[in-house]
Number of protein chains: 2
Amino acid sequence: MIRNLSKLERQKRIKEYISKDPFLSDKKLAELFNISVQTIRLDRLEMGIPEMRKRIVQVAKNTSSKDKVKSLKKEEIIGELIDIELGKNGIAILKTTKDMAFGRTGIIRSHYIFSLADSLAISIIDTEVALTGIARLSYKKPVYAGETLVAKARVARSRGNKYLVSVHVKSDQKEVFTGKLVIFSINDKVKKEKA
Amino acid sequence: MIRNLSKLERQKRIKEYISKDPFLSDKKLAELFNISVQTIRLDRLEMGIPEMRKRIVQVAKNTSSKDKVKSLKKEEIIGELIDIELGKNGIAILKTTKDMAFGRTGIIRSHYIFSLADSLAISIIDTEVALTGIARLSYKKPVYAGETLVAKARVARSRGNKYLVSVHVKSDQKEVFTGKLVIFSINDKVKKEKA
DNA sequence: CACCTATTATTAGCAACTACTAATTGTAAG
DNA sequence: CTTACAATTAGTAGTTGCTAATAATAGGTG
């Protein structure tokens, strides 16, 4: 339980709590903060936070619409895009978990690292659609579940619709992977050719 | 509006409607089917379908967990091991789906194909733990969601704990990917070194 | 003390229910 | 035709988690 907070402080915390767990009812929040339900309601009102039910609906709709609507950049990359300069370079981070590892050893499966590198490389290419053509990968050190990977990609060369992107992945300053990927930017021709 | 359906027929349709749009209240359903709210409630009861609010919560919780996992799931990637001769060769199949593709073009993201190749390559190595060291990948043709990929891997050379595995992935008899992977079999030393 | 803010309490009302009981309609069989 | 039974509809009470509005109370500050 939480006590003796200034109104402002309390409202900040309520906001945090709700954003972490939108399923909290006013009653539960009141218990958590050891104040009355009415105060919670006033606070929500002042901050423009909707009631629990509406929040749940938002969560439900967000996620279902995400699936259908835009499948653009962020969702198509593995890991988190931190910084990007289209056509030049980019940085992405992936926090590794047990799910990505071999059960016995806890070593991250190589294709997760490749996926990070590949999707970063594709996303820095400034074009509608980009496809990987050729790649050379080199795994330097095993990565263990829990380590945070930082991938840096750079467009090394480009000629026409062909880009050479080099990606370096580090964990705790140490290089664990490098890759050179040849990526092609594509227009609708390829699509039609097959479809 | 819908009319004159047998009870069974109606219940089937209600089920469909709800699964398509979990946000439908009993009132709205009653209007859609032109029957009373009570009948809808009885139908839900008989079919064990929870009330709208609970359905929304389910959707919200589902999707929020999807967000966190986001990356790749084991089963999705690896495909199905069809045949394997440890230390020699192996075949795996992956049925591609929209989830694995770029939204706009329907082209399968390259790392799914690599994941298939890589995990097959690793699984034909007859050892406790195997890790990918170096890889050369070549994507020959774009693969579209829905196509079924057949991966064949062969141990081309092996020296000590070092294996060269070549993998060919075909879709409908046509080669879409080839890769050469250098894989190391590992014992506990590596683990200790880092852990 | 009066004034103000913050907090709490109280009441009425709503949506979308559950759970239960009762009435009505339909329909087939004796 | 009537009785029997299922299906449907209606109605009531109670629940959760609210909104909206009004009122009461507590704590300071000038």
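Note that the structure is predicted; figures quoted are calculated from it, not measured. Throughout, protein chains are lettered first and strands after them, A, B, ... in sequence-line order, and every chain is numbered starting at 1.
- Remark: A/K61 qualifies as a cation-pi partner of B/F23 under the 6.0 Å distance and 45° angle criteria applied to the six-membered ring.
- Ranking C/dA15, C/dT8, D/dT9 by closeness to the A/I35 side chain, first place goes to C/dT8.
- In this structure, the CG atom of B/D43 is 10 Å from the P atom of D/dA7, given to the nearest Å.
- Between B/D118 and A/S110, the side chains place a donor N or O and an acceptor N or O closer than 3.5 Å (distance only, hydrogens not considered).
- The distance from atom CZ of B/F33 to atom C1' of D/dT8 is 16 Å, rounded to the nearest whole Å.
- Computed from coordinates, the A/M52 CE to D/dC18 P distance equals 5 Å when rounded to whole Å.
- Residue B/Q11 contributes atom CD, which lies 11 Å from atom C1' of D/dA7 at whole-angstrom precision.
- A ring-centre distance under 6.0 Å is found for A/F33 and A/Y17.
- Across C/dT18, D/dC18, D/dT16, the shortest atom-to-atom separation from the side chain of B/D26 is found for C/dT18.
- Ranking C/dA16, D/dG17, D/dT8 by closeness to the B/E51 side chain, first place goes to C/dA16.
- The base of C/dT18 lies outside donor-acceptor range of the side chain of B/R41, with no N or O pair under 3.5 Å.
- For the OP1/OP2 pair of D/dT19 and a distance below 4.0 Å, the side-chain nitrogens and oxygens of A/R44 include at least one atom meeting the criterion.
- Spacing between atom CD1 of B/I40 and atom C1' of C/dT18 amounts to 16 Å, rounded to whole angstrom units.
- Looking only at distances, no side-chain donor or acceptor of A/R154 sits under 3.5 Å from a matching main-chain atom of A/N89.
- Note on A/S36: a side-chain N or O is less than 4.0 Å away from OP1 or OP2 of C/dT8.
- For D/dT9, one of the phosphate oxygens OP1 or OP2 lies less than 4.0 angstrom from a side-chain nitrogen or oxygen of B/T39.
- B/R10 comes within 4.0 angstrom of the backbone, heavy atoms only, and of no base.
- Side-chain proximity of B/L45 to the nucleotides D/dG17, C/dA19, D/dT9 is greatest for C/dA19.
- Of the candidate nucleotides C/dT7, C/dA15, D/dA10, D/dA10 has the atom nearest to the side chain of B/Q38.
- At a cut-off of 3.5 Å, with distance as the only test, a side-chain donor of B/S138 or B/K140 sits close to an acceptor on the other residue.
- At whole-Å resolution of the value, NZ in B/K28 and P in C/dA15 are 12 Å apart.
- For the pair B/L42 CG and D/dA7 P, the computed distance is 10 Å after rounding to whole Å.
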